[in-house]
Chemist: 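Have a look at this one.
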Amino acid sequence: MGASSGPKRLSGMQKQALALYRGFLRAARSKPAEERRQIESVVSTEFRKNSKQVDRKNFIYIEYLLRRGNKQLDQLKSPDTVGLSSLSVDSSQTTGSSSS
């Protein structure tokens, strides 16, 4: 009786995070092979790290990460952008990224 009859439903933030992740992977497809692999690696590493380090109940910080990720995705979609770098963000202090 403890087994669920279907897949677990995702929260709105989880859906946003998955959509963002898929968006990064789609955007990476439009880049040359070497940059694509680097982008996929950075994205995978960042999402995996945040899933382990960020408290799931820290909604304000998660919303911040989603906003920051969407801005980075918009930059990545630009034809002038060829790569993506990893940013280190401490939850007690935010760092800005320079736009090119």
Chemist: Report yes or no: do L25 and L65 belong to one cluster of Ile/Leu/Val/Met/Phe/Trp/Tyr joined by side chain heavy-atom distances under 4.5 Å?
Modeler: yes

Chemist: Kindly compute the distance separating CD (E46) from OG (S41), expressed to the nearest 0.5 Å.
Modeler: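 One gets 10.0 Å once the value is rounded to the nearest 0.5 Å.
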
Chemist: Show me, pair by pair, the donor-acceptor contacts under 3.5 angstrom made by side chains of residues 13-24, not counting sequence neighbours?
Modeler:
unit_1 : atom_1 : unit_2 : atom_2 : d
Q14    : OE1    : S11    : N      : 2.8
Q14    : OE1    : S11    : OG     : 3.4

Chemist: Does a side-chain N-to-carboxylate-O contact under 4.0 Å join R37 and E40?
Modeler: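 No, R37 and E40 are not salt-bridged.
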
Chemist: Let me confirm one number: the CD-CG distance from Q75 to N70, rounded to the nearest 0.5 Å.
Modeler: 11.5 Å

Chemist: Which atom names give the shortest non-hydrogen contact between A27 and K77, and what distance separates them?
Modeler: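 That closest heavy-atom pairing would be CB-CG, 4.2 Å.
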
Chemist: Enter the distance from R36:CZ to S30:OG here, rounded to the nearest 0.5 Å.
Modeler: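 One finds 8.5 Å between CZ of R36 and OG of S30.
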
Chemist: Nearest 0.5 angstrom please: R48 CZ to Q53 CD, how far?
Modeler: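 Separation between the atoms: 13.0 Å.
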
Chemist: Are F47 and Y64 connected in a single hydrophobic cluster, I mean Ile/Leu/Val/Met/Phe/Trp/Tyr linked by side-chain heavy atoms less than 4.5 Å apart?
Modeler: yes

